[in-house]
Asks: 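First the structure, which I've put down as structure tokens, then a few questions once you've had a look.
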Amino acid sequence: MSEQWWQRAVVYQVYPKSFQDSDGDGIGDLPGLTRRLPYLAKLGIDVIWLSPVYASPMDDNGYDISDYRAIAPVFGTMEDFDTMLATAHGLGIKLVMDLVANHTSDEHRWFEESRSSRDNPYRDYYYWRDPVDGHEPSNMGGVFGGSIWEWDEGTGQYYLHCFSKKQPDLNWENPRVRDEVYDLMDFWLAKGVDGFRMDVIGMIAKDTSFPSGEPGPTGYSSLYPLIQDERVHPWLQEMRQRVLSRYDTMTVGEVGGATVETAKKYANLDGSELSMVFQFEHVGLTGSPERGKWVTGKPRLVDLKRVFEHWETGLEGVAWNSLFWDNHDQPRAVSRWANDAPEWRELSAKMLATCLHLMKGTPYVYQGEELGMTNYPFEDMSLIDDLEAHDAYRMLTQDCGCTHEEAMAAMREICRDNARTPMQWDATPLAGFTTGSPWLPVNPNCAYINAAAQVDDPTSVFAHYQRLIALRHESDLVVHGIFRLLMPESDEVFAYERALDGKRMLVACNFTEREVPFALPDGYEDAVAVAAAANYAEPCVPGVLRPYESLALLA
Ligand code: TEU
């Protein structure tokens, strides 16, 4: 099959609220993003995934949309959007919007109509059910706590919301809902947008008998008994036929709970559904039945490698993979997967980049990851905005018996606001993000972790990402080479090989702060070092990998 443009692309996620403020209100906006597009062009990325900028009451920072065809005034105007899009395209950067179509805001016109009366034409845009024995129709917890059902006094029924009560779920069984979604997609594609990231698209089909769930911690997995992702595929095929097929797009579906087997359908190479999906097996490696994801500590490297091997080999030749360490819902990469201590942060951030960017699939860089930005030292919940975190703090301290400090330790490692503190542009106290009061605190380590200090430093984390991105653009081996895991039993070294047309590339990454033995596999005796992969200035030492060393050899 011919190569698709998004198979050689690197995607950069912008969380607009935290990227660049232009009007001093302490909140990032579209003119601010436009101002920083040359920075992204210098990094060399090909696509921006823009988290939602639509009209929204911001209950979930824009993942609760009240008008899909309008820009939230806090982010700017439609003209600002058009300027940003034209500027990005002028720099050779494509733009993918965030399609949040599993649910709307409760302030969307459709929901306001739907809740106004039982016989309103929009009633069936959402899921409404009668009480059962005077209670919620089923006993299932939502991702952000509480029940998935909210009582509506006006019409004497409950409505379904898998996330916050201000995010009622759209009823995709209703063909009028699907028509509305396809129309709004067409609106943005006709404006020149290059595709969509599709929020929780794997859960738009539900078991409408609404089974009850198991008691347990809040989180996405609490919804699994409700989700029927096998019924999503006909709707994605319909979406492809009705709207996507008329444009040259990249689409990535967020499919929590995706397996290699289901991804073979969602991301099949015949293009009948999506380009790729985000799977969550690696980010789900830590956690517990009692506390969900809110546990501290890193996963074992052998388990992390097993997940990546499973996806790299399982999709080979059948479907396309995405590659990511973090996003706006996850803690910062270097803090979570490597070592953000000052003496190891830069080295291990570069190692992580080499490890991910030389695998097969489309890599995603989350804003600030290319600088080695770290988690924030949250000491108190007053500094945290995220509704998910506040629900989790309640769960941890009231249901799980955690002390405040134990709960804050989990917040410092896991909460989503770690990724949402303002982008660190320079060393000034507000990191050049705003001239006002930032909506979330700026990490004080912006004094030495910031773009201004790195963009012209060839030894910086930024420069390392630049070189890896440039390597992908020019290397068929990196884009198409077959993946083979090496040293599967090692809990210290992540080593793998890529092979294509007789050429082989060995990639080796030491995930520890110790020097570890590393024997070259046969056939690499005369191999040539790949400069873009190396994170030590000095040549590699035969037989060992230095602390957090990454290297690649071409044979
Ligand atoms: O996230 C869906 C999802 O699974 C979240 O529960 C997320 O994975 C979780 O916070 C990590 O534990 C999407 C968006 O990415 C997220 O920002 C939204 O809050 C959510 O959907 C609702 O739109």
Side-chain angles (χ1 to χ4, degrees), residues 102 135-149 160-164 200 202-203 206-207 209-230 254-263 277-308 310-311 325-327 329-331 335-337 375 378 381 384 386-419 491:
N102 172 70
H135 296 289
E136 290 81 356
S138 67
N139 177 21
M140 180 173 281
V143 176
F144 300 148
S147 166
I148 57 172
W149 297 103
L160 178 73
H161 65 89
C162 290
F163 293 92
S164 89
V200 290
M203 63 180 286
K206 283 121 175 147
D207 178 345
S209 70
F210 295 107
S212 285
E214 294 300 320
T218 51
Y220 188 82
S221 53
S222 61
L223 300 174
Y224 286 169
L226 180 63
I227 295 169
Q228 294 184 330
D229 86 345
E230 67 282 358
E254 183 194 31
V255 184
T259 64
V260 164
E261 287 315 305
T262 60
V277 295
F278 289 136
Q279 57 84 18
F280 287 98
E281 272 193 57
H282 59 316
V283 296
L285 279 172
T286 51
S288 74
E290 300 74 27
R291 294 172 55 170
K293 70 174 186 177
W294 300 94
V295 298
T296 56
K298 290 181 172 59
R300 289 191 61 200
L301 183 63
V302 283
D303 295 334
L304 183 67
K305 297 189 317 184
R306 175 178 41 77
V307 170
F308 275 103
H310 183 47
W311 282 85
W325 287 129
D326 62 9
N327 60 38
D329 292 331
Q330 302 296 333
S335 300
R336 180 185 208 164
W337 304 106
N375 282 354
F378 293 112
M381 291 306 290
I384 293 177
D386 185 16
L387 75 170
E388 179 190 63
H390 283 276
D391 171 68
Y393 181 85
R394 180 206 54 72
M395 172 192 71
L396 292 170
T397 53
Q398 294 176 20
D399 303 349
C400 302
C402 291
T403 63
H404 168 74
E405 192 39 51
E406 286 168 335
M408 292 315 299
M411 291 296 150
R412 283 190 293 273
E413 282 205 25
I414 295 294
C415 88
R416 302 193 297 184
D417 278 2
N418 279 306
D491 225 357

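Sequence positions, counted from 1, serve as the residue numbers for this chain.
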Asks: Sort and list the pairs that fulfil salt bridge (Lys or Arg N to Asp or Glu O under 4.0 Å) and have at least one residue in residues 137-148, not counting sequence neighbours.
Replies: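 Passing the test, one end in residues 137-148: no pairs.
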
Asks: Is there a donor-acceptor pair closer than 3.5 Å between any side-chain N or O of Asn418 and the backbone N or O of Arg412?
Replies: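 Looks like yes, one N/O pair under 3.5 Å.
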
Asks: For the pair Tyr224 and Asp229, evaluate side chain to side chain contact (heavy atoms under 4.5 Å, CB included) and give the outcome as yes or no after the intermediate values.
Replies: CA-CA 10 Å; Tyr224 286 169; Asp229 86 345; over 6 Å; no

Asks: Does any non-hydrogen side-chain atom of Met395 lie less than 4.5 Å from one of Cys400?
Replies: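 SC-SC contact between Cys400 and Met395 confirmed.
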
Asks: Under the side chain to side chain contact (heavy atoms under 4.5 Å, CB included) rule, collect the residues that match up with Lys305, sequence neighbours excluded.
Replies: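 Residues passing side chain to side chain contact (heavy atoms under 4.5 Å, CB included) with Lys305: Leu301, Leu485, Ser490, Phe494.
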
Asks: Atom CG in Asp329, atom CD1 in Ile414: separation rounded to 0.5 Å?
Replies: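 Between atom CG of Asp329 and atom CD1 of Ile414 there are 12.0 Å.
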
Asks: Which residues pass the side-chain hydrogen bond (donor to acceptor under 3.5 Å, both in side chains) test with Glu230, sequence neighbours left out?
Replies: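 Glu230 satisfies side-chain hydrogen bond (donor to acceptor under 3.5 Å, both in side chains) with no other residue.
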
Asks: Are Phe278 and Asn327 packed together at the side-chain level, in the sense that at least one heavy-atom pair is separated by less than 4.5 angstrom?
Replies: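 Phe278 vs Asn327: side chains apart.
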
Asks: What pairs with Glu281 under side-chain hydrogen bond (donor to acceptor under 3.5 Å, both in side chains), at least two apart in sequence or on another chain?
Replies: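 Scan of Glu281 (side-chain hydrogen bond (donor to acceptor under 3.5 Å, both in side chains), adjacent residues dropped) gives Trp311.
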
Asks: For Glu413 and Asn375, which heavy atoms make the closest approach, and how far apart are they?
Replies: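 Where Glu413 meets Asn375 most closely, the heavy atoms are O-ND2, 3.6 Å.
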
Asks: If you take all heavy atoms of Ser164 and Leu387, which pair is closest and at what distance?
Replies: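 Answer, listing the atom of Ser164 first, then Leu387: CB-CD1, 3.7 Å.
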
Asks: Taking the side chain as everything from C-beta on, heavy atoms only, tell me whether Asp386 gets closer than 4.5 Å to Met411.
Replies: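 Result no, sub-4.5 Å side-chain heavy-atom pair not found.
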
Asks: Are Phe280 and Gln330 packed together at the side-chain level, in the sense that at least one heavy-atom pair is separated by less than 4.5 angstrom?
Replies: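 They are in side-chain contact.
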
Asks: Using side-chain hydrogen bond (donor to acceptor under 3.5 Å, both in side chains) as the criterion, list what pairs up with Thr262, not counting sequence neighbours.
Replies: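 side-chain hydrogen bond (donor to acceptor under 3.5 Å, both in side chains) list for Thr262, sorted by chain: Thr259.
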
Asks: What pairs with Asp207 under salt bridge (Lys or Arg N to Asp or Glu O under 4.0 Å), at least two apart in sequence or on another chain?
Replies: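 Checked Asp207 against salt bridge (Lys or Arg N to Asp or Glu O under 4.0 Å); zero matches.
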
Asks: Flag the pair Val260 / His310 as yes when at least one side-chain heavy-atom distance between them is below 4.5 Å, and no otherwise.
Replies: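 A side-chain contact exists here, since the closest heavy-atom pair is under 4.5 Å.
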
Asks: So which heavy atom on Pro225 is nearest to which on Ser221, and how close?
Replies: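 Heavy atoms of Pro225 and Ser221 come nearest at CD-O, 4.3 Å.
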
Asks: Would you check if Pro217 and Trp294 make a side-chain contact, meaning some heavy-atom pair closer than 4.5 Å?
Replies: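 Of all side-chain heavy-atom pairs linking Trp294 with Pro217, none is under 4.5 Å.
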
Asks: Report yes if the side chains of Glu388 and Lys293 come closer than 4.5 Å at any heavy-atom pair, otherwise no.
Replies: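 Side chain of Glu388 against side chain of Lys293, heavy atoms only: contact under 4.5 Å found.
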
Asks: Mind checking side chain to side chain contact (heavy atoms under 4.5 Å, CB included) for Glu290 and listing every partner two or more places apart, or none if nothing turns up?
Replies: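 For Glu290 the side chain to side chain contact (heavy atoms under 4.5 Å, CB included) partners, ignoring immediate neighbours, are Ser288.
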
Asks: I'd like to check the side-chain hydrogen bond (donor to acceptor under 3.5 Å, both in side chains) partners of Tyr220; sequence neighbours left out, ordered by chain and number.
Replies: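 In terms of side-chain hydrogen bond (donor to acceptor under 3.5 Å, both in side chains), with neighbours along the sequence ignored, Tyr220 is linked to no residue.
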
Asks: Does Arg336 use its side chain to pair, donor to acceptor, with the backbone of Trp325 at less than 3.5 Å?
Replies: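 No; zero donor-acceptor contacts below 3.5 Å.
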
Asks: What residues, two or more places apart in sequence or in another chain, satisfy salt bridge (Lys or Arg N to Asp or Glu O under 4.0 Å) together with Asp417?
Replies: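 Asp417: no salt bridge (Lys or Arg N to Asp or Glu O under 4.0 Å) contacts found.
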
Asks: Please give me the minimum heavy-atom distance between Ile384 and His390, naming the atom from each residue.
Replies: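 Looking at all heavy atoms of both residues, the shortest contact is O-NE2, 2.6 Å.
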
Asks: If every non-hydrogen atom of Ala410 is compared with every non-hydrogen atom of Arg291, which pair is closest and at what distance?
Replies: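 For Ala410 and Arg291, the tightest heavy-atom pair comes out as CB-NH2, 4.1 Å.
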
Asks: If you compare all heavy atoms of Lys298 against all heavy atoms of Ser335, which two are closest, and at what distance to 0.1 Å?
Replies: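 Scanning both residues, the minimum pair turns out to be NZ-O, 3.3 Å.
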
Asks: Do Cys162 and Leu226 touch side chain to side chain, with heavy atoms closer than 4.5 Å?
Replies: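 Result yes, sub-4.5 Å side-chain heavy-atom pair found.
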
Asks: For Arg394, check salt bridge (Lys or Arg N to Asp or Glu O under 4.0 Å) against everything at least two apart and list the hits.
Replies: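 In terms of salt bridge (Lys or Arg N to Asp or Glu O under 4.0 Å), with neighbours along the sequence ignored, Arg394 is linked to Asp391, Asp399.
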
Asks: Closer than 3.5 angstrom, by distance alone: can the side chain of Asp491 be matched with the main-chain N or O of Val302 as a donor-acceptor pair?
Replies: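 Present.
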
Asks: Pair up each side-chain donor or acceptor in residues 138-148 with any protein partner under 3.5 Å, not counting sequence neighbours, and list the distances.
Replies:
unit_1: Ser138; atom_1: OG; unit_2: Trp149; atom_2: NE1; d: 2.7
unit_1: Ser147; atom_1: OG; unit_2: Trp149; atom_2: N; d: 2.8

Asks: Who pairs with Lys206 by salt bridge (Lys or Arg N to Asp or Glu O under 4.0 Å), at least two apart in sequence or on another chain?
Replies: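 For Lys206, the residues satisfying salt bridge (Lys or Arg N to Asp or Glu O under 4.0 Å) (neighbours in sequence not counted) are Asp169.
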
Asks: Answer yes or no: is there a donor N or O on one side and an acceptor on the other, between the side chain of Thr397 and the main chain of Tyr393, under 3.5 Å?
Replies: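 Yes.
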
